[in-house]
A.B. asks: 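Would you mind keeping the following structure in view while I ask a few things?
Treat the numbers as computed from the prediction; the structure is a model and nothing was measured.
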Amino acid sequence: MIIPRVPVQHRRLLPDRRLSGPTPWVIAILMMLTLLAAAAGVGLARSANAIGSAIAGRVTVQIVTANPVTRAEQAAALRRRAAAQSFVRSARSVDQQELRATLGQWFGGEDGGAGGDDPVLRSLPLPALVDIDFVGGDRAGHMEALRTLVAQEAPGARIIPHAEWLGPVARLIRILAWVAGALVLLMTLASAAVVIMTARAALGTHYATIEMLHLIGATDRQITRLFQRRIAIDTAYGIALGSVVAAAILLLIGWQWSGVTSGLAATASLGPAGWALLLALPLLAIALAALTARQTLLAALKKIL
(Lines give C-alpha, C1' and ligand atoms only; values in the text may rest on other atoms or scores of the structure.)
Protein backbone atom coordinates (compact mmCIF):
# COMPACT_ATOMS: atom_id res chain seq x y z
CA MET A 1 0.00 0.00 0.00
CA ILE A 2 1.37 3.41 -0.95
CA ILE A 3 1.06 6.01 1.79
CA PRO A 4 -0.03 9.24 0.13
CA ARG A 5 1.60 12.53 0.85
CA VAL A 6 -0.48 15.34 2.26
CA PRO A 7 -1.89 17.06 -0.82
CA VAL A 8 -0.57 20.43 -1.96
CA GLN A 9 -4.07 21.85 -1.55
CA HIS A 10 -3.70 21.52 2.22
CA ARG A 11 -4.38 25.22 2.66
CA ARG A 12 -8.06 24.51 2.22
CA LEU A 13 -8.04 22.97 5.68
CA LEU A 14 -7.19 26.28 7.30
CA PRO A 15 -8.11 29.89 6.39
CA ASP A 16 -5.80 31.61 3.91
CA ARG A 17 -6.30 35.11 5.24
CA ARG A 18 -3.50 36.53 7.36
CA LEU A 19 -4.37 37.88 10.82
CA SER A 20 -7.87 36.45 10.36
CA GLY A 21 -8.28 34.98 13.84
CA PRO A 22 -7.61 36.19 17.38
CA THR A 23 -4.30 34.34 17.76
CA PRO A 24 -2.04 36.77 15.84
CA TRP A 25 -3.48 39.76 17.67
CA VAL A 26 -3.12 38.18 21.11
CA ILE A 27 0.44 37.13 20.27
CA ALA A 28 1.18 40.66 19.03
CA ILE A 29 0.01 42.19 22.31
CA LEU A 30 1.97 39.68 24.39
CA MET A 31 5.09 40.19 22.26
CA MET A 32 4.88 43.95 22.62
CA LEU A 33 4.50 43.71 26.41
CA THR A 34 7.31 41.14 26.59
CA LEU A 35 9.74 43.40 24.74
CA LEU A 36 8.79 46.45 26.81
CA ALA A 37 9.18 44.48 30.05
CA ALA A 38 12.52 43.10 28.88
CA ALA A 39 13.75 46.58 27.98
CA ALA A 40 12.63 47.91 31.36
CA GLY A 41 14.35 45.03 33.15
CA VAL A 42 17.64 45.53 31.30
CA GLY A 43 17.57 49.30 31.85
CA LEU A 44 16.79 48.93 35.55
CA ALA A 45 19.47 46.28 36.05
CA ARG A 46 22.11 48.45 34.37
CA SER A 47 21.00 51.43 36.45
CA ALA A 48 21.23 49.44 39.70
CA ASN A 49 24.71 48.18 38.77
CA ALA A 50 25.85 51.70 37.87
CA ILE A 51 24.56 53.11 41.16
CA GLY A 52 26.09 50.23 43.12
CA SER A 53 29.48 50.77 41.50
CA ALA A 54 29.32 54.52 42.07
CA ILE A 55 28.44 54.33 45.77
CA ALA A 56 30.46 51.25 46.74
CA GLY A 57 33.54 53.16 47.83
CA ARG A 58 32.41 56.79 48.11
CA VAL A 59 31.84 58.83 51.25
CA THR A 60 31.16 62.49 51.90
CA VAL A 61 32.67 64.31 54.86
CA GLN A 62 30.38 67.07 56.13
CA ILE A 63 32.13 69.85 58.07
CA VAL A 64 29.69 71.96 60.07
CA THR A 65 32.00 74.28 62.05
CA ALA A 66 30.21 77.58 62.70
CA ASN A 67 33.07 79.84 61.58
CA PRO A 68 33.05 79.91 57.74
CA VAL A 69 36.78 80.65 57.53
CA THR A 70 37.66 77.75 59.83
CA ARG A 71 35.22 75.55 57.92
CA ALA A 72 36.92 76.30 54.62
CA GLU A 73 40.39 75.79 56.08
CA GLN A 74 39.44 72.43 57.57
CA ALA A 75 37.92 71.29 54.27
CA ALA A 76 41.04 72.28 52.33
CA ALA A 77 43.35 70.58 54.84
CA LEU A 78 41.25 67.42 54.89
CA ARG A 79 41.16 67.25 51.09
CA ARG A 80 44.96 67.56 50.88
CA ARG A 81 45.59 64.96 53.58
CA ALA A 82 43.02 62.54 52.16
CA ALA A 83 44.38 62.84 48.59
CA ALA A 84 47.82 61.85 49.87
CA GLN A 85 46.59 58.59 51.46
CA SER A 86 47.20 55.28 49.67
CA PHE A 87 43.64 54.05 50.28
CA VAL A 88 42.06 57.12 48.64
CA ARG A 89 41.51 57.22 44.89
CA SER A 90 40.35 60.83 44.78
CA ALA A 91 39.28 63.64 47.12
CA ARG A 92 37.28 66.66 45.99
CA SER A 93 35.93 69.67 47.82
CA VAL A 94 32.39 70.53 46.76
CA ASP A 95 32.21 74.18 45.73
CA GLN A 96 29.78 76.37 47.69
CA GLN A 97 28.35 77.73 44.45
CA GLU A 98 27.55 74.14 43.42
CA LEU A 99 25.73 73.58 46.70
CA ARG A 100 23.68 76.75 46.27
CA ALA A 101 22.81 75.78 42.70
CA THR A 102 21.60 72.39 43.95
CA LEU A 103 19.50 74.04 46.65
CA GLY A 104 18.15 76.47 44.07
CA GLN A 105 16.75 73.58 42.05
CA TRP A 106 14.63 72.64 45.07
CA PHE A 107 13.77 76.06 46.52
CA GLY A 108 13.97 78.22 43.41
CA GLY A 109 15.69 81.52 43.05
CA GLU A 110 15.50 84.94 41.53
CA ASP A 111 17.65 83.86 38.58
CA GLY A 112 15.11 81.43 37.17
CA GLY A 113 15.67 78.43 39.41
CA ALA A 114 19.46 78.09 39.49
CA GLY A 115 19.51 79.75 42.86
CA GLY A 116 23.25 80.48 42.84
CA ASP A 117 22.85 84.29 43.07
CA ASP A 118 19.71 84.36 45.17
CA PRO A 119 20.36 86.57 48.24
CA VAL A 120 18.36 84.29 50.54
CA LEU A 121 20.35 81.22 49.52
CA ARG A 122 23.63 83.11 49.74
CA SER A 123 22.80 84.02 53.32
CA LEU A 124 22.29 80.39 54.37
CA PRO A 125 25.21 78.84 56.29
CA LEU A 126 26.14 75.82 54.20
CA PRO A 127 28.42 73.01 55.40
CA ALA A 128 31.70 72.28 53.68
CA LEU A 129 31.62 68.94 51.84
CA VAL A 130 34.53 66.75 50.76
CA ASP A 131 33.80 63.76 48.48
CA ILE A 132 36.25 60.87 48.93
CA ASP A 133 36.54 57.72 46.80
CA PHE A 134 38.27 54.67 48.24
CA VAL A 135 40.42 52.13 46.40
CA GLY A 136 40.39 48.36 46.95
CA GLY A 137 37.81 46.32 48.79
CA ASP A 138 38.73 46.84 52.48
CA ARG A 139 35.91 49.30 53.17
CA ALA A 140 35.93 48.79 56.94
CA GLY A 141 39.68 49.42 57.21
CA HIS A 142 39.45 52.47 54.97
CA MET A 143 36.63 53.91 57.06
CA GLU A 144 38.63 53.52 60.28
CA ALA A 145 41.65 55.25 58.74
CA LEU A 146 39.43 58.04 57.42
CA ARG A 147 37.79 58.55 60.82
CA THR A 148 41.23 59.01 62.37
CA LEU A 149 42.18 61.48 59.66
CA VAL A 150 38.94 63.46 60.04
CA ALA A 151 39.34 63.61 63.82
CA GLN A 152 42.76 65.21 63.29
CA GLU A 153 41.86 67.72 60.59
CA ALA A 154 38.15 68.48 61.18
CA PRO A 155 36.95 67.50 64.64
CA GLY A 156 33.19 67.12 64.81
CA ALA A 157 32.76 66.48 61.08
CA ARG A 158 30.33 63.77 59.93
CA ILE A 159 31.29 60.94 57.58
CA ILE A 160 28.36 59.94 55.35
CA PRO A 161 28.80 56.74 53.29
CA HIS A 162 26.79 57.04 50.08
CA ALA A 163 25.74 53.40 50.42
CA GLU A 164 23.67 54.31 53.50
CA TRP A 165 21.25 56.56 51.62
CA LEU A 166 21.58 55.36 48.02
CA GLY A 167 21.92 51.66 48.83
CA PRO A 168 18.16 51.17 49.43
CA VAL A 169 17.46 52.93 46.13
CA ALA A 170 19.80 50.59 44.27
CA ARG A 171 18.19 47.56 45.94
CA LEU A 172 14.71 48.80 45.03
CA ILE A 173 15.73 49.29 41.40
CA ARG A 174 17.27 45.80 41.34
CA ILE A 175 14.04 44.30 42.74
CA LEU A 176 12.05 46.10 40.03
CA ALA A 177 14.42 44.62 37.43
CA TRP A 178 13.70 41.13 38.77
CA VAL A 179 9.96 41.88 38.66
CA ALA A 180 10.33 42.88 35.00
CA GLY A 181 12.18 39.63 34.33
CA ALA A 182 9.38 37.68 36.00
CA LEU A 183 6.85 39.47 33.80
CA VAL A 184 8.84 38.45 30.71
CA LEU A 185 8.72 34.83 31.86
CA LEU A 186 4.97 34.97 32.62
CA MET A 187 4.15 36.52 29.25
CA THR A 188 6.29 33.92 27.51
CA LEU A 189 4.29 31.20 29.25
CA ALA A 190 1.07 32.99 28.30
CA SER A 191 2.17 33.07 24.65
CA ALA A 192 2.92 29.34 24.77
CA ALA A 193 -0.53 28.75 26.27
CA VAL A 194 -2.13 30.70 23.41
CA VAL A 195 -0.27 28.54 20.88
CA ILE A 196 -1.40 25.36 22.67
CA MET A 197 -5.03 26.46 22.69
CA THR A 198 -4.81 27.45 19.02
CA ALA A 199 -3.35 24.06 18.06
CA ARG A 200 -6.02 22.17 19.98
CA ALA A 201 -8.78 24.35 18.54
CA ALA A 202 -7.51 23.72 15.01
CA LEU A 203 -7.52 19.97 15.58
CA GLY A 204 -11.02 20.11 17.04
CA THR A 205 -12.34 22.17 14.14
CA HIS A 206 -10.91 19.81 11.51
CA TYR A 207 -11.43 16.55 13.39
CA ALA A 208 -13.38 14.92 10.54
CA THR A 209 -10.72 15.82 7.98
CA ILE A 210 -7.99 14.43 10.23
CA GLU A 211 -9.87 11.13 10.58
CA MET A 212 -10.18 10.93 6.80
CA LEU A 213 -6.45 11.59 6.36
CA HIS A 214 -5.71 8.86 8.88
CA LEU A 215 -7.92 6.43 6.97
CA ILE A 216 -6.10 7.04 3.68
CA GLY A 217 -2.74 6.51 5.37
CA ALA A 218 -1.45 9.94 6.36
CA THR A 219 0.90 9.85 9.35
CA ASP A 220 0.72 12.01 12.45
CA ARG A 221 3.90 13.82 11.42
CA GLN A 222 2.43 14.71 8.02
CA ILE A 223 -0.72 16.08 9.60
CA THR A 224 1.36 17.90 12.22
CA ARG A 225 3.39 19.66 9.52
CA LEU A 226 0.11 20.74 7.90
CA PHE A 227 -1.19 22.49 11.00
CA GLN A 228 2.18 23.56 12.33
CA ARG A 229 2.90 25.61 9.23
CA ARG A 230 -0.39 27.51 9.52
CA ILE A 231 0.06 28.19 13.25
CA ALA A 232 3.69 29.24 12.74
CA ILE A 233 2.71 31.73 10.04
CA ASP A 234 -0.04 33.29 12.17
CA THR A 235 2.28 33.43 15.18
CA ALA A 236 5.09 34.98 13.15
CA TYR A 237 2.74 37.70 11.89
CA GLY A 238 1.69 38.48 15.45
CA ILE A 239 5.27 38.52 16.72
CA ALA A 240 6.35 40.81 13.87
CA LEU A 241 3.49 43.21 14.53
CA GLY A 242 4.14 43.31 18.28
CA SER A 243 7.88 43.80 17.72
CA VAL A 244 7.31 46.75 15.37
CA VAL A 245 4.99 48.48 17.86
CA ALA A 246 7.40 47.82 20.74
CA ALA A 247 10.33 49.15 18.68
CA ALA A 248 8.42 52.34 17.92
CA ILE A 249 7.61 52.83 21.61
CA LEU A 250 11.22 52.18 22.67
CA LEU A 251 12.59 54.58 20.04
CA LEU A 252 10.17 57.27 21.25
CA ILE A 253 11.20 56.69 24.87
CA GLY A 254 14.88 56.68 23.89
CA TRP A 255 14.46 59.96 22.04
CA GLN A 256 12.91 61.55 25.13
CA TRP A 257 15.46 59.88 27.42
CA SER A 258 18.38 61.35 25.48
CA GLY A 259 17.68 64.70 27.11
CA VAL A 260 18.23 63.28 30.62
CA THR A 261 21.82 63.99 31.55
CA SER A 262 21.78 63.98 35.34
CA GLY A 263 20.27 62.12 38.26
CA LEU A 264 19.50 58.45 38.66
CA ALA A 265 17.51 58.36 35.41
CA ALA A 266 20.65 59.09 33.40
CA THR A 267 22.16 55.76 34.48
CA ALA A 268 19.39 53.70 32.83
CA SER A 269 20.26 52.48 29.34
CA LEU A 270 20.03 49.25 27.35
CA GLY A 271 23.60 48.99 26.08
CA PRO A 272 24.73 46.71 23.24
CA ALA A 273 23.91 43.51 25.15
CA GLY A 274 20.41 44.78 25.94
CA TRP A 275 19.67 45.64 22.32
CA ALA A 276 21.01 42.26 21.22
CA LEU A 277 18.64 40.57 23.69
CA LEU A 278 15.67 42.54 22.39
CA LEU A 279 16.55 41.62 18.80
CA ALA A 280 16.88 37.94 19.73
CA LEU A 281 13.60 37.71 21.66
CA PRO A 282 11.27 37.74 18.59
CA LEU A 283 13.35 35.02 16.89
CA LEU A 284 13.32 32.93 20.06
CA ALA A 285 9.56 33.48 20.35
CA ILE A 286 8.98 32.17 16.80
CA ALA A 287 11.10 29.09 17.49
CA LEU A 288 9.31 28.48 20.81
CA ALA A 289 5.89 28.84 19.15
CA ALA A 290 6.78 26.37 16.39
CA LEU A 291 8.15 23.85 18.90
CA THR A 292 5.15 24.24 21.22
CA ALA A 293 2.70 23.79 18.34
CA ARG A 294 4.53 20.70 17.10
CA GLN A 295 4.63 18.98 20.48
CA THR A 296 0.99 19.87 21.20
CA LEU A 297 -0.19 18.56 17.83
CA LEU A 298 1.77 15.31 18.07
CA ALA A 299 0.48 14.66 21.60
CA ALA A 300 -3.11 15.38 20.57
CA LEU A 301 -2.96 13.29 17.37
CA LYS A 302 -1.81 10.26 19.31
CA LYS A 303 -5.17 10.28 21.07
CA ILE A 304 -7.09 10.36 17.79
CA LEU A 305 -7.81 6.94 16.40
Side-chain angles (χ1 to χ4, degrees), residues 19 22-58 161-198 231-232 234-293 295-296:
L19 304 177
T23 299
W25 300 104
V26 175
I27 292 294
I29 294 173
L30 290 173
M31 191 71 240
M32 179 192 69
L33 295 177
T34 300
L35 290 175
L36 293 179
V42 172
L44 289 170
R46 285 175 58 86
S47 179
N49 291 336
I51 295 172
S53 300
I55 68 176
R58 172 169 291 188
H162 286 205
E164 286 187 0
W165 55 282
L166 276 180
V169 176
R171 287 192 293 271
L172 174 61
I173 294 175
R174 190 167 284 109
I175 290 173
L176 293 176
W178 280 107
V179 171
L183 289 176
V184 170
L185 178 60
L186 289 176
M187 283 183 282
T188 301
L189 295 176
S191 300
V194 170
V195 173
I196 291 173
M197 289 188 294
T198 301
I231 294 174
D234 285 347
T235 303
Y237 269 89
I239 290 173
L241 179 61
S243 300
V244 169
V245 176
I249 294 174
L250 291 176
L251 289 175
L252 178 61
I253 293 175
W255 176 60
Q256 294 292 331
W257 210 272
S258 61
V260 180
T261 58
S262 62
L264 296 179
T267 63
S269 63
L270 293 179
W275 283 111
L277 174 62
L278 294 184
L279 291 175
L281 278 178
L283 300 178
L284 294 174
I286 293 174
L288 176 62
L291 179 62
T292 302
Q295 297 302 319
T296 302

A.B. asks: For a quick test of reading the model, state the closest non-hydrogen atom pair linking A293 to I231 and the distance between them.
C.D. replies: CB-CG2, 4.0 Å
A.B. asks: Less than 4.5 Å apart, any side-chain heavy atom of T235 and any of I286?
C.D. replies: no
A.B. asks: Find the distance between OG1 (T34) and CD1 (I239) and round it off to the nearest 0.5 Å.
C.D. replies: 9.5 Å
A.B. asks: Minimum heavy-atom separation for G238 and I27, please, with both atom names.
C.D. replies: C-CG2, 4.1 Å
A.B. asks: Report the distance from atom CG of L291 to atom CG of L284, rounding to the nearest 0.5 Å.
C.D. replies: 12.0 Å
A.B. asks: To the closest 0.5 Å, what do you measure between CG (L288) and CG (L283)?
C.D. replies: 12.5 Å
A.B. asks: Distance check, rounded to the nearest 0.5 Å: I173 atom CD1 versus R171 atom CZ?
C.D. replies: 11.5 Å
A.B. asks: Pairs of donor and acceptor atoms involving the side chains of residues 177-198, under 3.5 Å and at least two apart or interchain, shall be tabulated with distances.
C.D. replies:
residue, atom, partner, partner atom, Å
T188, OG1, V184, O, 2.7
S191, OG, M187, O, 2.9
T198, OG1, T23, OG1, 2.8
T198, OG1, V194, O, 2.8

A.B. asks: Which donor-acceptor pairs under 3.5 Å do side chains of residues 271-278 form with protein atoms, sequence neighbours excluded?
C.D. replies:
none

A.B. asks: Quick one, L241 and M32 - any side-chain contact, counting heavy atoms below 4.5 Å?
C.D. replies: no
